[in-house]
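First the proteins, then the strands, lettered A, B, ... as listed; each starts at 1.
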2 protein chains.
Amino acid sequence: MLEAVAAPPTRKGPQTAGRIREAALELFSRLGFERVTMGEIAAAAGVSQATLHYHFDDKACLWRAAMLQLGAVIAEEERLLEAMADAPPEVQLRMAMKLFLRISWKHPALGRIVALEGMAGGERLAWLDAHLTGPRNRRLAEIAQAAIDSGALKPFPAPMLVITLQAASAGVINLAPMMGVSFGMDPSAPEARQAHEQMILDAILGGLLTHPTTP
Amino acid sequence: MLEAVAAPPTRKGPQTAGRIREAALELFSRLGFERVTMGEIAAAAGVSQATLHYHFDDKACLWRAAMLQLGAVIAEEERLLEAMADAPPEVQLRMAMKLFLRISWKHPALGRIVALEGMAGGERLAWLDAHLTGPRNRRLAEIAQAAIDSGALKPFPAPMLVITLQAASAGVINLAPMMGVSFGMDPSAPEARQAHEQMILDAILGGLLTHPTTP
DNA sequence: AGGATTTCTGACTTTCTAATCAGAAACACA
DNA sequence: TGTGTTTCTGATTAGAAAGTCAGAAATCCT
């Protein structure tokens, strides 16, 4: 059985495969592809190393399967966005950022993977773009462009706006280890998270709008 | 000779060691520590693999030596900042961001390294914090705090402000490969860079100020 | 229960990588 | 020129990691 994403749970195999994917996602997203060994993933999932190769052909295949776990997350994001396709684009954009923040805190792997592979380039980035991040990025850019055209958003290149907003949002989340080391601060504490959301949505997104609505 | 950072240039060795450090910095910063092999660095520097071990004890040692190349960059940043220690903190902060942008475009390795190791944690992050990024981060946080205390900056946690500003600035630079793949856009083109600077300094930093000075 | 199927594992092979070392080549200097 | 020093390299070693495979263990079905 090779990288079956969804399978009937009557048998026991898919459950194990799921545990493996979860462990792999956590490790891959924190450390990147080659910093993680199959042995570590096996240990984290509580199975032997050979079991990994029973469920997934090779390491790259396991990586892709782990990434597809994130597909559901992104799909949820997309669905909520589509539900408000009729709202003014700047409202959609604000909601998209709010969703992105919420989801990034819940699934920090997403932003970390984008940061890791988005810097390195290569075939894994191409795969991510085709299967996960590309469509969402381009949809967000369209919304941003619409907001620019309607005069609500300052006229910066839409791709740049989208990437910068995501980078600004994910920065504190991704770099939590560094914030701990440099400042002794844990940004995932509830009060920090609230300040973070306010900072991103009101101050930073606000600064990009022509007429910020929130004080 | 083990990780001599500065040496009399009369002999030929230090020159080779410098080439090795440059090649190592480029590769390490783009791909991270373990994604890079000594063979690749040797090939990029045009020497044999054994030469790397003649100049540097081991891979970790070479990594640190490569990172210290960035020390000069950061020192320059610091120096220019100290020259305006008497200016109002929000002016210092704006200048710091302008410097950071300029330096990040010139030496993209800095932001990439921070992103890579700042996510992963571990001893390399601790080393970076102690030798390169920690002092600068804490100084910037002090400036931000002063700007908050003077009422010029909105009162978000200073460490969060500093990290977010840097993440927002470096996002487009670090993720240039992803912008190429997702949007077919090269953010390092001159006009894109100018838009980027304006976006960061005026819109984003502006949104964090209580009374933005630039329209 | 008993056979068939799925799931899993220990032991092994192959490949890749960091690190070592003896000695060659380049160089400085008398 | 000859000698000693610095710099560099090819060949090799040791170890780690991915991937393979025969067969054990668990599970399912009748």
Check DNA chain C against residues 24-35 of chain A and give the residues with a non-hydrogen atom under 4.0 Å, in numerical order.
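Heavy-atom contacts with DNA chain C come from no residue of residues 24-35 of chain A; none.
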Partners of A:Arg193 by salt bridge (charged side-chain N to carboxylate O under 4.0 Å, His left out), sequence neighbours excluded?
none
Across all chains, not counting sequence neighbours, the salt bridge (charged side-chain N to carboxylate O under 4.0 Å, His left out) partners of B:Glu82 are B:Arg139
How long is the line joining [atom1] of [X] and [atom2] of [N], in whole Å?
X: A:Arg19; N: C:dT7; atom1: CZ; atom2: P; value: 13 Å
X: B:Leu52; N: C:dC21; atom1: CG; atom2: P; value: 17 Å
X: B:Leu62; N: C:dA18; atom1: CG; atom2: P; value: 10 Å

Could you tell me which residues satisfy side-chain hydrogen bond (donor to acceptor under 3.5 Å, both in side chains) with B:Glu142, sequence neighbours excluded, listed by chain and number?
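Not a single residue meets the side-chain hydrogen bond (donor to acceptor under 3.5 Å, both in side chains) criterion with B:Glu142.
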If the condition is side-chain hydrogen bond (donor to acceptor under 3.5 Å, both in side chains), which residues does B:Ser29 pass it with, not counting sequence neighbours?
B:Arg112
Counting only side-chain nitrogens and oxygens, does [X] get under 4.0 Å of the OP1 or OP2 atom of [N]?
X: B:Ser48; N: D:dC8; answer: no
X: B:Tyr54; N: D:dC8; answer: no
X: A:Thr16; N: C:dC8; answer: yes

What one-letter contact string describes nucleotides 15-21 of chain D from 5' to 3', where B marks a base within less than 4.0 Å of any protein heavy atom, S marks contact via sugar-phosphate atoms alone, and - marks no contact?
--SBBBB
For A:His196, side-chain contact (heavy atoms from CB on, under 4.5 Å) partners two or more places apart:
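Once residues adjacent in sequence are excluded, the partners of A:His196 under the side-chain contact (heavy atoms from CB on, under 4.5 Å) criterion are A:Leu101, A:Trp105, A:Val172, A:Ile173, A:Met199, A:Ile200, B:Met160.
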Charged N to carboxylate O below 4.0 Å: is that the case for A:Arg124 and A:Asp129?
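Judged by the 4.0 Å cut-off on N to carboxylate O distance, A:Arg124 and A:Asp129 do not form a salt bridge.
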Show every salt bridge (Lys or Arg N to Asp or Glu O under 4.0 Å) that has at least one partner inside residues 35-52 of chain B, sequence neighbours left out.
A:Glu34-B:Arg35, A:Glu117-B:Arg35
Please list all pairs passing the ring-ring contact (aromatic ring centres under 6.0 Å, His included) test where one or both residues lie in residues 164-188 of chain A, with sequence neighbours left out.
none
